[in-house]
2 protein chains.
Amino acid sequence: MKGKIFIIEDEASIIQLVQLNLEKEGFIVASSLNGNEGLKELKKFGPNLLLLDWMLPDLSGIDVCKNIRKDKNFKNLPIIMLTAKGEEEDKIKGLESGVDDYITKPFSFNELHARIKAVLRRSDPNIVANDLTFEDLKLDRIEKRVFRADKEIQLGPTEFRLLEFFLTNPKRVYSRNQILETVWPNNVNVESRTIDVHIRRLRQSINIKDKKELIRTVRSSGYSLV
Amino acid sequence: MKGKIFIIEDEASIIQLVQLNLEKEGFIVASSLNGNEGLKELKKFGPNLLLLDWMLPDLSGIDVCKNIRKDKNFKNLPIIMLTAKGEEEDKIKGLESGVDDYITKPFSFNELHARIKAVLRRSDPNIVANDLTFEDLKLDRIEKRVFRADKEIQLGPTEFRLLEFFLTNPKRVYSRNQILETVWPNNVNVESRTIDVHIRRLRQSINIKDKKELIRTVRSSGYSLV
DNA sequence: TTCTTTTGTTACAGAAATATTACAATTTAA
DNA sequence: TTAAATTGTAATATTTCTGTAACAAAAGAA
């Protein structure tokens with residue numbers, strides 16, 4: 001778990017895309033398609049961050065924003081505004097009205113994710129951990145280093161992402177498809193057997209003799225970190 | 001296995017989309033394009049939940065719904081209604097007629113999935129639960145592990161699915177055919193005696209000496225977990 | 001009892017899934 | 001530009017799982 005994110009956005013397709021990806025990242029996500037309902041649900045949900053569309057069918061994003069800032073319980077809720085291309089000039093107004101960051105549509109999920117992390121790091125550092133650890137394994141996302149039992153381990157980029165992925169949800173078993181979708185860049189086609197090879201490489205790197213195997217194979221299901 | 005879902009919906013594209021995604025989630029899905037046939041097939045299929053379109057070519061969704069509620073075997077079948085945008089006002093009527101939830105088209109699959117989970121959680125908690133337990137037996141669907149009296153047990157994929165199946169409905173006796181249909185992938189032809197062999201394997205794995213047998217044979221009917 | 005039906009048990013061959021290796025193509029670093 | 005590192009894939013090896021058949025045992029029926 002990395003925290004709760006609420007989305008107010010009237011395009012269902014964007015919600016779907018963002019929600020899916022955020023959930024894959026371990027966030028808990030809820031959403032609403034319009035401003036008034038959104039405000040109500042948001043306050044019930046109690047998120048750590050809000051993604052707010054600029055143009056909504058009922059209220060404008062700014063109205064929503066102001067409403068939130070007036071509520072003492074949500075005065076400090078970080079907000080990232082989603083704006084369409086033509087709305088560049090409005091950005092400043094947005095920031096003045098208490099928005100923490102904005103992002104222009106269309107955006108890639110990676111862009112969005114980076115901003116979410118940045119904003120959360122400021123507001124709630126514990127939610128976005130720089131270091132992922134599991135037993136005697138440690139991964140530093142900032143310095144891109146990995147340690148096993150305090151000894152540094154060299155990993156290739158793909159093995160690094162693979163391990164990072166497992167570390168965000170240890171013990172959980174992931175199918176090859178889930179691994180592919182998350183660890184590999186979007187829309188890249190790789191054989192699902194390729195994962196086996198990378199698992200092997202990762203295993204070879206992180207295993208120390210006399211220590212137990214850290215990656216478990218679950219036949220017909222996938223792999224997990226144990 | 002996470003349960004069986006039946007869809008009655010006249011737009012083939014929606015069926016396709018939903019069915020594909022639900023199957024990816026592990027549900028067993030069947031569907032029909034109209035009300036009358038749908039009712040018949042549904043009762044043969046025996047789903048845990050029904051997705052029902054409001055507007056059908058022959059019967060209306062409400063008619064279907066009422067028919068189901070009259071049938072004592074399906075009185076409690078959870079129903080989620082799929083309504084188009086303009087039909088907002090009808091919603092209340094829908095709920096009165098015994099619908100458990102509704103969702104407005106167009107919807108994202110995530111929305112639908114969330115509602116399905118919510119409804120199933122109420123009506124049939126074992127279907128969506130991550131952990132299934134029965135007496136001193138525990139099965140963790142996320143980590144794909146099985147424990148008997150806190151001791152981990154190794155199971156092959158088929159034995160795992162078989163036990164999962166029994167755990168979603170303990171005590172109930174299942175025929176070999178029912179087991180086949182649910183535990184084995186669709187359209188696979190296996191001798192019904194094959195099940196006996198897997199039952200034997202499962203028994204061997206989960207039995208502990210001095211502890212009672214957990215799988216009961218019901219002669220000429222099938223097996224159950226007791 | 002004796003016969004019939006159903007289930008239990010075992011062994012085994014083929015199938016399926018995973019592990020491992022080598023290699024060519026590509027990218028990155030020097 | 002050359003060398004080194006990284007990647008994906010295919011081929012092969014190895015492990016594990018599956019289904020079936022054959023026979024044994026048990027339960028019912030007559």
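Numbered from 1 within each chain, the chains take letters A, B, ... in sequence-line order. It should be emphasised that the depicted structure is a prediction, and the values quoted were computed from it without experimental measurement.
Remark: A:W184 is in phosphate contact with D:dG8, judged by side-chain N or O atoms under 4.0 Å from OP1 or OP2. Between B:R201 and D:dC17 there is no side-chain polar atom (N or O) within less than 4.0 angstrom of OP1 or OP2. In this model, the phosphate group of D:dT20 is approached by a side-chain N or O of B:T194 to a distance below 4.0 Å at OP1 or OP2. The phosphate of D:dA10 has neither OP1 nor OP2 within less than 4.0 Å of any side-chain N or O from A:R193. The side chain of B:T217 contributes an N or O atom lying less than 4.0 Å from OP1 or OP2 of C:dG8. For B:R176 and C:dT7, the shortest distance from a side-chain N or O to OP1 or OP2 is below 4.0 Å. Taking side-chain N and O atoms only, A:T158 has no distance below 4.0 Å to OP1 or OP2 of D:dT6.
Looking at B:R219, its side chain comes within 3.5 Å of the base of C:dT6 through a donor and an acceptor atom. With hydrogens and angles ignored, no donor-acceptor pair closer than 3.5 Å exists between the side chain of B:R203 and the base of C:dG8.
Counting only residues at least two apart or in different chains, salt bridge (charged side-chain N to carboxylate O under 4.0 Å, His left out) contacts with residues 30-40 of chain B are absent.
If you check every strand for non-hydrogen atoms under 4.0 Å, B:E159 touches sugar and phosphate atoms only. Using a 4.0 Å heavy-atom criterion, one finds that A:Y223 contacts the sugar-phosphate atoms exclusively.
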Listing, residues 5-15 of chain A side-chain donor-acceptor contacts under 3.5 Å, not counting sequence neighbours, or none:
{"from": "A:E9", "atom 1": "OE1", "to": "A:K105", "atom 2": "NZ", "distance (Å)": "3.2"}
{"from": "A:E9", "atom 1": "OE2", "to": "A:E11", "atom 2": "N", "distance (Å)": "2.9"}

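Here the rule is side chain to side chain donor-acceptor pair (under 3.5 Å) with A:E159, and of A:R203, A:Q204, A:H198, A:R200 only A:H198 fits it.
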message = Quick one, B:R141 with B:D131, criterion salt bridge (charged side-chain N to carboxylate O under 4.0 Å, His left out). Give me CA distance, side-chain angles, the key distance, then yes/no.
response = CA-CA 6 Å; B:R141 281 173 159 159; B:D131 289 325; over 6 Å; no
